[in-house]
Asks: 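Structure below; questions to follow.
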Amino acid sequence: MEGYNRRGSGAVSPAAIEHYRSNSPSGSERRKLSYHPTGEWEPPATTQDVPAGAFQVSKTRRILQVAVAVVYCLLAAGIVFGYAAIKPVLVEEGVYRDKCTQDELDEGVWVCYEQELRLNLMFTTAAVSTNVAALPIGTVLDRYGPRIASMVGCVFLTIGALFFAFAENIPFDAYIPAYLFLALGGPFVFISSFQLSNTFPQHSGLILALLTGAFDTSSAIFLMYRLIYQKTNGWFTPKKFFLLYLIVPAFILVVQLFIMPKDSYKTVGELVKAVETDDQAAEDEIEDEEQRTRRREHRESAASEVTTLLGAKGADKQQAAEEAKAEKSGVWGALHGQTALQQIKSPWFVLITLFTVVQMLRINYFVATVRTQATELLHSHSKAVQVNEFFDVALPLGGVISVPFIGLVLDHTSTPFVLGLLVAIATTIGILGVIPNAMWAAYANIILFVLYRPFYYTAVSDYSAKVFGFATFGKVYGLIICLAGLLNFIQQGLDALTHKTFHNDPIPVNIMLLSVAFVVGVVLVGFVTRKSYTMHRDKLVEEAEDAREVLMPDAPAEEVNREHGHQTYGTE
C-alpha cells in the first residue's frame, strides 16, 4: 500500500489521494482476507473516537501489536475448520453415540447414521454462522472499534470452550452451541485485526499475508489436540483440552487491554486526506502570526511523518500498475456507479451467487464427511484413517502455500480465465471424488481441494470488487456470502440422501453436486466472457469516436479547414 510522493516541505501528492479513493485494490490489499468466508471487509473509522495515525505510535509497539495479533489469530481465528481433525476424537469419546440404534451398536460401526448427522450439524451450524456473522461484526466494529469487537470474540470463545468442557454435565445438547460460539468468536477476533495492516502501510501486504496465514493454519489446532489425545490413549480428554484452551481468550483479553489499539489505525486514504485538509481554514482565521506559524509547522511535521510512514514510491507509478491490472481483468467497472439494488438484480450477481452457494456447499460437505466418504470409496476403514490424517495436515498447509500463487493468477490473468480455471479445478475434484478403490485419486482429490479452497474464496471476493466496486462492496459481497452460508443447511439433506437413499454410498450425491456445479460454472464463465468481450469492444468504439483529428505535417490549414473542401476534389 505504497504510492505517495514527497513534495516540497513534505506534503503528500494529491494524485495519491485520488488513487486511493477510486482505484481497485492491489494484489496485497485484495488478499487481506484470503479465503476467509466473511469476505473482504476493512473496518472504517469509528464515529465516537477519531482513530490515530500509526506514526503516532512507536515502531516497537506497532511491531509487537502485529506479532501478538498473528499469535492469537493462529490460536483462535479459524479453529472450527479443523472439524475433520477433532471429529474422530468426538466419535471415540462417544459423543451422540446414544443416537445409534441397537443394531448399529451390535455391528460395531465406527459412526452410526444419527450420530453422523448430529456431528455434521454441529459443523454446518458453525460454518453458516461464520458467514452470516459478517454483518453484526461489521456493526460492532463500526460503532465500538476493534478492541471491543475482540473482547466480544473473547466472550464467545470462553462460552464455547466452557460448553465443550462441561457438555456431559449440561442438561441439554451443549455440543452444537459450543461449536457455534467458537465459530463466532474466531471472526470477531480475526476481522478486528485487519486494521493492523495500517501500522506499516508500505508492508501491508506482508502483514495481511501473516494474518491470513495464521487464520489458515489455525485449523491445525484441533489436529495437534487429536495427536496428543491419541498419544495419551485418551487421557487428554476434550474436557481437559477446552479448560486449557481458556488461556487463549484470557490472553487475547489481556493484550487488548494493554497492547492493542483501542480504535482502528487510520487507513492510507484517511492519513493523506488528514494531511491535505488539516484545518487550513481554521489557520487562516488565526490573527496571531506566531500561532499561525506554529500551526503550519505542526501540520508540515505531521505531513513529513506520514510520508515517512507510507514510503516514497511514486503514486503515478503505482496508479499505472493498478490501471494495467484493471484493464487486464476485462470486467473491471462493469457495474460501478450503480446502486446495490440494481447490482443485486443483475445476472452478474445472480450467477456468482449461485456459483458461490454450490461451491461452498461442496467444500463444507467434503470437510464434514471426508473420512466417511473415504471409508465407502476405499472399502477400508484403515485407509480412510490415512486419508483423513493426510487431509488434516494438508488443509492448513494448502492455505498458506497457495497464497502467493493466487496473487499471481489474479493479478496477471483476466477474470473470465480465473473463473474458467475455478470451474476446471472444481470439475476435476468432483471426478476424483467418485473414483472408487483408488488411493491415488483420494490423495489427488485432497491436494487439489486444499489448493482450490483458498483460490475459490479469494477469486469470488476479487470478482465482487472488480464488478460491483467498493461503494457497495459490503452490501453486495456480504449478501453473497450470507446467502451461501444459510443455504449450507442443505448439507443435512445431502447427509440424509447419502445414508438413507443411497445406503452410505457418496458417489450419487457427489455426481449431483458435480453436475450442478459444472452447469452453473459454465453459464457463469460464458456470461462473463461475453460481457468482457462486449465491454472491450465498446471501449474501443468509444475511444475511436473520441479520437481527435491530427493534421498531417505541413498541411495548409486554410485547405483543411475550408467549408466543404471535399466537393472540389478532382476539379481544381
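In this text the structure is predicted, and so the values were computed from the model without any measurement. In what follows, every heavy atom counts, from backbone to side chain, and hydrogens, waters and symmetry copies are set aside.
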Asks: Which residues pass the side-chain contact (heavy atoms from CB on, under 4.5 Å) test with A517, sequence neighbours left out?
Replies: V358, Q359, R362
Asks: Looking at Y533, I'd like to know if its OH atom is crowded, meaning that more than 12 non-hydrogen atoms belonging to other residues, nucleotides or ligands lie closer than 6.0 Å.
Replies: no
Asks: Check side-chain hydrogen bond (donor to acceptor under 3.5 Å, both in side chains) between S219 and all other residues, then give those that pass, not counting sequence neighbours.
Replies: none
Asks: If we check side-chain hydrogen bond (donor to acceptor under 3.5 Å, both in side chains) with Q373, which of these qualifies: N504, N510, N445?
Replies: N510
Asks: So, using ring pair (Phe, Tyr, Trp, His ring centres under 6.0 Å) as the criterion, who are the partners of F349 when residues are at least two apart?
Replies: none
Asks: List the residues meeting side-chain contact (heavy atoms from CB on, under 4.5 Å) with S380, not counting sequence neighbours, and say none if there are none.
Replies: S382, K383
Asks: State which residues pass side-chain contact (heavy atoms from CB on, under 4.5 Å) with A384; sequence neighbours excluded, sorted by chain then number.
Replies: R371, A374, T375
Asks: By side-chain hydrogen bond (donor to acceptor under 3.5 Å, both in side chains), which residues pair with T498, not counting sequence neighbours?
Replies: Y365
Asks: Specify whether F81 and F123 have parallel, tilted or perpendicular ring planes, treating 30° as the upper limit for parallel and 60° as the lower limit for perpendicular.
Replies: perpendicular
Asks: For the atom pair CD1 (I429) and CG (L451), what is the distance rounded to the nearest 0.5 Å?
Replies: 8.5 Å
Asks: Can you tell me how the ring of Y456 sits relative to the ring of Y452, calling it parallel under 30°, perpendicular over 60° and tilted otherwise?
Replies: parallel
Asks: What are the two closest heavy atoms between Q492 and L117, and how far apart are they?
Replies: NE2-O, 3.5 Å
Asks: Within the distance-only criterion (no hydrogens, no angle test), does the side chain of Y463 pair as donor or acceptor with the backbone N or O of T415 below 3.5 angstrom?
Replies: no
Asks: Going by atom types alone, do K87 and N388 pair a side-chain donor with an acceptor below 3.5 Å?
Replies: no
Asks: Say you draw a straight line from CG of L419 to OG1 of T413; how long is it, rounded to the nearest 0.5 Å?
Replies: 9.5 Å
Asks: What closest approach, in Å, do P416 and V528 show between heavy atoms, and which atom pair accounts for it?
Replies: CG-CG1, 3.9 Å
Asks: Against L361, only a single residue in V516, T356, T124, L494 fulfils side-chain contact (heavy atoms from CB on, under 4.5 Å); can you say which?
Replies: L494
Asks: With no hydrogens and no angle check, is any side-chain donor or acceptor of Q343 less than 3.5 Å from a backbone partner on F468?
Replies: yes
Asks: Taking side chain as C-beta onward, heavy atoms only, is P187 less than 4.5 Å from T130?
Replies: yes
Asks: According to side-chain hydrogen bond (donor to acceptor under 3.5 Å, both in side chains), who are the partners of Q386, at least two apart in sequence or on a separate chain?
Replies: none
Asks: Please list all pairs passing the side chain to side chain donor-acceptor pair (under 3.5 Å) test where one or both residues lie in residues 416-439, with sequence neighbours left out.
Replies: H379-N437
Asks: Between F215 and V70, does the side chain to side chain contact (heavy atoms under 4.5 Å, CB included) criterion hold? Intermediate values first, please.
Replies: CA-CA 9 Å; F215 167 79; V70 170; over 6 Å; no
Asks: Do R537 and T534 have side chains that get closer than 4.5 Å, going by heavy atoms?
Replies: yes
Asks: Provide the closest heavy-atom pair for L378 versus A438 in the form atom of the first, atom of the second, distance.
Replies: CD2-N, 3.7 Å
Asks: Roughly how far, to the nearest 0.5 Å, is CG of L395 from CD1 of I446?
Replies: 10.0 Å
Asks: Flag the pair C73 / S193 as yes when at least one side-chain heavy-atom distance between them is below 4.5 Å, and no otherwise.
Replies: yes
Asks: Which atom pair, heavy atoms only, marks the closest approach of Y179 to A126?
Replies: CD2-CB, 3.4 Å
Asks: Hey, does the side chain of Q342 reach the backbone of T339 with a donor-acceptor pair shorter than 3.5 angstrom?
Replies: yes
Asks: Check V331 against S532 and note the closest heavy-atom contact, atom names and distance.
Replies: CG1-CB, 4.2 Å
Asks: Name all residues meeting the salt bridge (charged side-chain N to carboxylate O under 4.0 Å, His left out) criterion together with D495; count only those two or more places apart in sequence or in a different chain, and write none if there are none.
Replies: none
Asks: If you define the side chain from C-beta out and look only at heavy atoms, does anything of P506 sit under 4.5 Å from L377?
Replies: yes
Asks: Search all heavy atoms of A76 against all heavy atoms of L157 and return the closest pair with its distance.
Replies: CB-CD1, 3.7 Å
Asks: Filter on ring pair (Phe, Tyr, Trp, His ring centres under 6.0 Å), then keep only pairs touching residues 497-532, sequence neighbours left out; what's left?
Replies: Y113-H499, W348-F527
Asks: Within the 4.5 Å heavy-atom criterion, are V418 and D462 side-chain neighbours or not?
Replies: no
Asks: Can you find a heavy atom in the side chain of L351 that is under 4.5 Å from one in the side chain of F355?
Replies: no
Asks: Taking the side chain as every heavy atom from C-beta outward, state whether F222 and Y83 have any atom pair closer than 4.5 Å.
Replies: no
Asks: Report yes if some heavy atom in the side chain of V467 is under 4.5 Å from a heavy atom in the side chain of H336; otherwise report no.
Replies: no
Asks: Do any N or O atoms from the side chain of T369 and from the backbone of T372 form a donor-acceptor pair under 3.5 angstrom?
Replies: no
Asks: Partners of L180 by side-chain contact (heavy atoms from CB on, under 4.5 Å), sequence neighbours excluded?
Replies: T125, S129, L184
Asks: Sequence neighbours excluded and cut-off under 3.5 Å, please list the side-chain donor-acceptor pairs for residues 480-487, or say none.
Replies:
none

